[in-house]
Colleague: 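Below you'll find the structure I mean.
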Amino acid sequence: TKYKEGMTKTRNSFSGKINDLIAKYRKVDEDFFEELEEVLITADVGVMTVMDLIDELKMEVKRRNIKDTKDVKDVISEKLVEIYYGDDDESIEELNFQQNELTVMLVVGVNGVGKTTSIGKLAHQLKSDGKKVVLAAGDTFRAGAIEQLEVWGERAGVDIIKQGAGSDPAAVIFDGIKAAKTRNADVLICDTAGRLQNKVNLMNELSKVKRVIEREVPNAPHEVLLVLDATTGQNAMSQAKTFLEATNVSGIVLTKLDGTAKGGIVLAIRNELHIPVKYVGLGEEITDLQKFNAQAFVFGLFA
Ligand code: GDP
C-alpha cells in the first residue's frame with residue numbers, strides 16, 4: 001500500500017539498524033540500550049521521548065525477564081505505540097466534523113512545508129467521502145499562492161473563493177464562509193499565510209482570521225491544522241512551538257514522510273507537544289495523504 005511504500009526510507013533505516021543491534025549484542029545489557037538510544041535519536045524520535053522510552057523499555061525487559069536482544073523487538077514496538085499516545089485517548093484521531101452544519105478548517109504552516117498540496121489532497125479525500133468542499137485562498141501574501149491553490153482546487157474538483165494578491169485574508173475568509181453557506185457546503189478549508197519571520201504579523205493575521213470565523217460560524221474553527229515538513233526534523237518541532245504561541249492547534253499534518261529516513265519525528269511531536277498527528281503526506285500525488293494511525297505506523301517501521 002501507499003503507507004508501506006511511503007515509509008520505505010524510514011523503515012529501511014530504522015529496522016535495519018535495530019536488526020544490526022540485535023545481531024551485534026545478542027544479550028540485553030547497558031551497551032545495547034545505549035546504542036539503541038542513539039539509533040532512536042538519529043531517527044528524530046526526540047531526545048526527551050527517547051529517554052522516556054528507554055526507561056520504560058528497561059523496566060519492561062526486567063519485568064518480563066527478557067535476556068535475548070531478539071525478544072526486545074516486540075517490546076520496542078509496544079512501547080513506541082504507548083509512548084505515542086501517552087495518557088491520551090487511543091482512538092485514531094478523526095477530523096472533527098459538524099453534523100448538518102458547516103465545518104470550518106483553518107490550515108496553518110510555514111511556506112514550503114506542503115500546505116497547499118495538503119489542502120488539495122484533503123479536499124480530494126473529503127470530496128471522495130461525499131462531502132461538498134469549498135476552499136478559501138487566505139494566503140494572499142506569498143506570490144503565486146492563490147494560483148497554486150486554484151490548480152489544486154481544479155484537480156480536486158472543488159470550488160475556490162479568492163480575491164487578488166495582497167488583499168485582506170480575513171476578508172477572503174469572510175467571503176469563503178458566505179459562499180460555503182450559500183452553496184450548502186459541508187466543509188470550508190481556509191488557507192493562511194505562513195510568515196514565521198514576522199511573528200507579530202503572523203499572530204495578528206491568524207487572530208483576525210479566527211475572529212471572523214468565530215463570529216460567522218458557531219464553535220468554529222472546528223479544526224486548526226498545522227502542516228509540518230518531516231524532512232526538517234527538529235526544525236519542524238521548533239516551528240510547531242512558534243505556531244502554538246500564535247494559535248491553538250487541533251491537529252498536525254506531517255508532510256514528506258516519504259522523503260525522510262527520520263520518520264521518528266511523528267512520535268516526538270505527539271509525545272512532546274501533545275497534539276495528534278491526524279494526517280501524513282507520503283508523496284506528491286493527490287492521493288498521497290493518509291490518516292495517521294500509530295499502530296500502523298510503528299508496525300510499518302518493522303514490517
Ligand atoms: P506550501 O508552500 O507550504 O504551500 O508548499 P507546497 O504545497 O507548494 O509544497 C512544496 C513542495 O513539497 C512541492 O513540490 C510539493 O509537491 C512537495 N510536497 C508536498 N507534500 C509532499 C509529500 O507528502 N511528499 C513529497 N515527497 N513531497 C511533498
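One-based numbering along the sequence shown. Read the numbers this way: they start at 1 and go in the same order the structure lists the ligands and their atoms. No experiment lies behind these values; they were computed from the predicted model shown.
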Colleague: Donor-acceptor check, side chain of Thr140 to backbone of Ala165, threshold 3.5 angstrom: yes or no?
Modeller: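 It does not hold such a pair.
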Colleague: For Val110, take its heavy atoms, then give the atoms of ligand 1 lying under 4.0 Å from any of them.
Modeller: 3 (O)
Colleague: Whether Arg26 and Asp68 form a salt bridge (side-chain N of Lys/Arg under 4.0 Å from carboxylate O of Asp/Glu) is what I want to check.
Modeller: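 No, no charged N to carboxylate O under 4.0 Å.
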Colleague: For a quick check under 3.5 Å, do Glu205 and Thr192 share a side-chain donor-acceptor pair by atom type?
Modeller: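 Distance-only check fails for Glu205 and Thr192.
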Colleague: Parallel, tilted or perpendicular for Phe32 and Tyr25, by the 30°/60° rule?
Modeller: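 The rings of Phe32 and Tyr25 stand perpendicular, inter-plane angle above 60°.
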Colleague: What atoms of ligand 1 come closer than 4.0 angstrom to any heavy atom of Gly112?
Modeller: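 Taking each heavy atom of Gly112 in turn, ligand 1 has 1 (P), 2 (O), 3 (O), 5 (O), 10 (C) under 4.0 Å.
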Colleague: Validate the cation-pi geometry between Lys58 and Phe33: distance from NZ or CZ to the six-membered ring centre under 6.0 Å, angle to the ring axis within 45°.
Modeller: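 Flagged: Lys58 positioned over aromatic ring of Phe33.
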Colleague: Pick from Leu106, Leu225, Leu126, Val104: which one makes a side chain to side chain contact (heavy atoms under 4.5 Å, CB included) with Ile189?
Modeller: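 Passing option: Leu126.
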Colleague: Show me which atoms of ligand 1 lie under 4.0 Å from any heavy atom of Arg142.
Modeller: 2 (O), 4 (O)
Colleague: Got the closest protein heavy atom to atom 3 (O) of ligand 1, with its distance?
Modeller: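 Checking every protein heavy atom, the shortest distance to atom 3 (O) of ligand 1 gives Lys115 N, 2.7 Å.
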Colleague: Show the atoms of ligand 1 that are less than 4.0 angstrom away from any heavy atom in Gly281.
Modeller: 23 (O)
Colleague: Looking only at protein heavy atoms, which one is nearest to atom 24 (N) of ligand 1, and what is the separation?
Modeller: Asp258 OD1, 2.8 Å
Colleague: Could you identify the single nearest non-hydrogen protein atom to atom 8 (O) of ligand 1 and state the distance to 0.1 Å?
Modeller: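 Answer, as residue, atom name and distance: Gln148 NE2, 2.6 Å.
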Colleague: Nearest to atom 5 (O) of ligand 1, what protein heavy atom do you find, and at what distance?
Modeller: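 Checking every protein heavy atom, the shortest distance to atom 5 (O) of ligand 1 gives Gly114 N, 3.1 Å.
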Colleague: Does ligand 1 come near enough to Thr116 that some N or O of the ligand is less than 3.5 Å from an N or O of the residue?
Modeller: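 The answer is yes, given that Thr116 and ligand 1 share an N or O pair closer than 3.5 Å.
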Colleague: Mind checking whether Glu285 contacts ligand 1 via backbone (N, CA, C, O), side chain (CB onward), both or neither, at a 4.0 Å heavy-atom cut-off?
Modeller: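 Neither part.
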Colleague: Only one of Arg63, Lys67, Lys62 forms a side chain to side chain donor-acceptor pair (under 3.5 Å) with Asn65, so which one is it?
Modeller: Lys67
Colleague: List the closest protein heavy-atom neighbour of atom 7 (O) of ligand 1: residue, atom name, distance to the nearest 0.1 Å.
Modeller: Thr117 OG1, 2.5 Å
Colleague: Do any heavy atoms of Gly283 fall under 4.0 Å from ligand 1?
Modeller: yes
Colleague: Is there a continuous path of hydrophobic side-chain contacts, each under 4.5 Å between heavy atoms, that joins Val28 to Leu53?
Modeller: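 Looking at the clustering, Leu53 is in the same group as Val28.
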Colleague: If you draw the axis of the six-membered ring of Phe14, does the NZ or CZ of Lys9 fall within 45° of it and under 6.0 Å from the ring centre?
Modeller: no
Colleague: With a cutoff of 4.0 Å, is Asp229 in contact with ligand 1, counting heavy atoms of the residue only?
Modeller: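 Asp229 does not count as a contact of ligand 1 under the 4.0 Å cut-off.
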Colleague: Got the closest protein heavy atom to atom 18 (N) of ligand 1, with its distance?
Modeller: Lys256 CE, 3.9 Å
Colleague: Closer than 4.0 Å to some heavy atom of Leu282 - which atoms of ligand 1 meet that?
Modeller: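 In order of number, 23 (O).
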Colleague: Tell me which protein heavy atom sits closest to atom 16 (O) of ligand 1, plus the residue, atom name and distance to 0.1 Å.
Modeller: Glu284 OE2, 2.6 Å
Colleague: Which pairs, with at least one residue in residues 95-121 and sequence neighbours excluded, count as a side-chain hydrogen bond (donor to acceptor under 3.5 Å, both in side chains)?
Modeller: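 Pairs touching residues 95-121 that pass the test: Lys115-Asp191.
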